[in-house]
Colleague: 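Quick one: this structure, given as C-alpha cells, is what I'll be asking you about.
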Amino acid sequence: MERLRHDDPTRIGPYVTLARLDADSDLGRSVPERRYLARTIDGERTALVCVPRIGADPSRWAIEAEGARRLSVPGFLTIAEVGGSAGSPWYTAPYTPALPLPSVLAAYGGPLPEETVRRLGTALAQTLAAAHAHGVTHAGLSPAAVLVTPAGPLLTCLGATRAEHTGHDPGCLPPEQSAGAPPGPAGDIYALGAVLAYAATGHTVPEQSELPPGLRRLTAACLARDPADRPGSARDLLRELATPAEHPGPALDPRLPATMVLAPAATVLDHAGSLPLPGRVVAALAAQSGALLAAELPAPQQPFAVSTQKAH
C-alpha cells in the first residue's frame, strides 16, 4: 500500500482512491495498468480499481477488461464491474489483502525459499492449465501480474498488455512473441519460467548458478528460446512442479519465522491457502489491511476523468 502521488486520480467513477497498490519502483513498464485501493463515496465498499497506463489505448483496454470480466477461471482475479467512458475506462475487483510479487520479495527481504517458489509455481501452473483448457492465453504474465493473497496467488492484468505495445515486462516476453508471433500457451509457459526465476532470485533472467539446484532444470526448460523445447503444456509443468526434486530439502531460512500460514482459517489473514507464506509477508498483508481500514475518506471533490494521455 503506497501513498498517492500528485499525478494519481483522487476519484475513479464512484470510488475515492486511498492508495496505490504498486510501489514507485514497480511503476515502470513492468506494470501494465495502474492499480489503486479505493472506497465508494458512501464508505460502504472497498475495492481494487484499475485504469489503463498513461499512453495505452483506452478503448482497446476497455475491450480486454470486459473480456476478462466474462471469464470464470479459478486463480484469475475476479472482475466485478467495468465502467467509465470510452476515453477513461476502469474496472474493479473485490478487495482482499494482496501484494504484487515484487512487493512480496521486498517484504520478505529478498528471494523466496525454494519450497515457497515451487508451491507458487504449482498454483500458477494450475491456473494456466485451466485457462488453456478453455482456450484462454494470459499473454502478459509477469511478476507484477501475480498478486499474492492469503488464499493463494491470483493472476491479474489479463489482456492489459494487448492494449499497448510497451506493457510487457521485457524479461517475461517470449522470443517468438517479440518476433511478432501471436500469443499462445507456450508463451505463457515461458513467462511463468521467468516469474519463477524472479521469485527465486529477484531477476527474471538470472544466471543458472543463482537458481536453487532443484529449480534449475525446470526453469531452464520453461525459458527455452524454442517453444518446442519447453514443457509441452501447463499441465505437464504442473506435474513436474508438484513432484519434489530429488535433492535434500532446503535448510530453514533464518529470516523465516516459525509461524506459517498453515493453520485452519480464523480470519482472512489466517486463511489456509495452498501457498505457505513467510511471517514477514503475512505481516505486510495485515499492515495493508489495517491501514486501509483506518484510512479516512478525503473531503468531497468533483470527479474528473482519468487521463490516459502522455504529458507534454
Side-chain angles (χ1 to χ4, degrees), residues 30 32 73 75-76 100-102 104-105 111-148 152-158 161 167-247 250 274-275:
S30 64
V73 178
F76 276 14
L101 188 55
V104 169
L105 268 66
L112 300 176
E114 179 178 339
E115 181 60 23
T116 301
V117 175
R118 183 175 289 277
R119 294 200 187 190
L120 172 67
T122 298
L124 295 178
Q126 186 172 13
T127 296
L128 289 179
H132 295 168
H134 287 83
V136 176
T137 300
H138 187 282
L141 182 56
S142 68
V146 177
L147 289 188
V148 175
L154 293 174
L155 284 183
T156 69
C157 305
L158 178 66
T161 52
H168 283 285
D169 186 312
C172 299
L173 182 62
E176 68 274 13
Q177 203 168 322
S178 180
D188 280 351
I189 290 174
Y190 180 96
L192 179 53
V195 168
L196 296 181
Y198 176 84
T201 69
H203 311 289
T204 53
V205 189
E207 298 291 336
Q208 278 288 301
S209 60
E210 295 181 80
L211 289 163
L215 294 174
R216 288 175 187 171
R217 182 188 60 79
L218 186 60
T219 304
C222 291
L223 294 175
R225 294 191 62 81
D226 187 342
D229 294 331
R230 298 171 199 160
S233 68
R235 192 164 295 280
D236 291 341
L237 179 58
L238 175 61
R239 281 193 289 266
E240 292 196 50
L241 281 164
T243 303
E246 295 180 359
H247 68 279
S274 60
L275 179 64

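Side chains are part of it too, since the values below use all heavy atoms of this structure and drop only hydrogens, waters and symmetry mates.
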Colleague: Under the side chain to side chain contact (heavy atoms under 4.5 Å, CB included) criterion, do Leu101 and Leu120 qualify, and how do the steps go?
Modeller: CA-CA 10 Å; Leu101 188 55; Leu120 172 67; 4.2 Å; yes
Colleague: Work out which heavy atom in Ser142 is nearest to a heavy atom in Val195; give both atom names and the distance.
Modeller: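 Minimum heavy-atom contact is C-CG2, 3.6 Å.
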Colleague: State, yes or no, whether a side-chain contact exists between Leu141 and Val146 at a heavy-atom distance under 4.5 Å.
Modeller: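 Result yes, sub-4.5 Å side-chain heavy-atom pair found.
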Colleague: Donor-acceptor pair, His138 side chain versus Gly140 backbone, under 3.5 Å?
Modeller: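 Checked: pair present.
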Colleague: Quick check for you: to the nearest 0.5 Å, what is the distance between Arg217 atom CZ and Glu240 atom CD?
Modeller: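 Rounded to the nearest 0.5 Å, the CZ-CD separation comes out at 5.0 Å.
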Colleague: To the nearest 0.5 angstrom, please state how far the SG atom of Cys172 sits from the CG atom of Leu223.
Modeller: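 Interatomic distance, Cys172 SG to Leu223 CG, rounded to 0.5 Å: 9.0 Å.
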Colleague: I'd like to check Ser233 versus His132 (side-chain heavy atoms, cut-off strictly below 4.5 Å). Are they in contact?
Modeller: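 No. Closest side-chain heavy atoms not under 4.5 Å.
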Colleague: Can you give each donor-acceptor pair under 3.5 Å made by side-chain atoms of residues 121-130, sequence neighbours left out, with the distance rounded to 0.1 Å?
Modeller:
residue: Thr122; atom: OG1; partner: Arg118; partner atom: O; Å: 2.9
residue: Thr127; atom: OG1; partner: Ala123; partner atom: O; Å: 3.2

Colleague: Answer whether the closest heavy-atom distance between the side chains of Pro102 and Tyr198 falls below 4.5 Å.
Modeller: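 Contact flag for Pro102/Tyr198 side chains = yes.
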Colleague: To the nearest 0.5 Å, how far apart are SG in Cys222 and CG in Leu241?
Modeller: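 One gets 7.0 Å once the value is rounded to the nearest 0.5 Å.
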Colleague: I need the minimum non-hydrogen distance between Gly214 and Glu114, along with the two atoms involved.
Modeller: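 In terms of heavy atoms, the two residues are closest at CA-OE2, 3.3 Å.
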Colleague: Does any part of the side chain of Phe76, heavy atoms only, come nearer than 4.5 Å to the side chain of Leu154, both counted from C-beta?
Modeller: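 Result no, sub-4.5 Å side-chain heavy-atom pair not found.
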Colleague: How long is the gap from CZ on Arg225 to CZ on Arg230, to the nearest 0.5 Å?
Modeller: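 It is 9.0 Å, given to the nearest 0.5 Å.
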Colleague: Check whether any side-chain heavy atom of Leu215 lies under 4.5 Å from a side-chain heavy atom of Leu196, and answer yes or no.
Modeller: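 A side-chain contact is absent here, since even the closest heavy-atom pair is not under 4.5 Å.
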Colleague: Minimum heavy-atom separation for Pro111 and Gly202, please, with both atom names.
Modeller: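 Scanning both residues completely, I find the closest heavy atoms to be CG-N, 4.2 Å.
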Colleague: How long is the straight-line distance from CZ of Arg235 back to CG of Leu237, given to the nearest 0.5 Å?
Modeller: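 Interatomic distance, Leu237 CG to Arg235 CZ, rounded to 0.5 Å: 11.5 Å.
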Colleague: If you look at every heavy atom in Ile189 and Ala234, which pair is closest and at what distance?
Modeller: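 Scanning both residues, the minimum pair turns out to be CD1-N, 3.7 Å.
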Colleague: Do side-chain atoms of Thr201 reach the backbone of His203 as a donor and acceptor pair under 3.5 angstrom?
Modeller: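 Pair found, side chain donor or acceptor close to backbone of His203.
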Colleague: Could you give all pairs that pass the side chain to side chain donor-acceptor pair (under 3.5 Å) test and reach residues 204-216, with sequence neighbours left out?
Modeller: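 Listed once each, the pairs would be none.
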Colleague: Locate the shortest heavy-atom distance separating Ala197 from Thr219; write the atom from each residue and the value.
Modeller: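 Heavy atoms of Ala197 and Thr219 come nearest at CB-CG2, 4.0 Å.
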Colleague: Restricting to non-hydrogen atoms, name the atom on Ala139 and the atom on Asp188 that form the minimum distance, rounded to 0.1 Å.
Modeller: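 Closest pair (atom of Ala139, atom of Asp188, distance): N-OD1, 3.0 Å.
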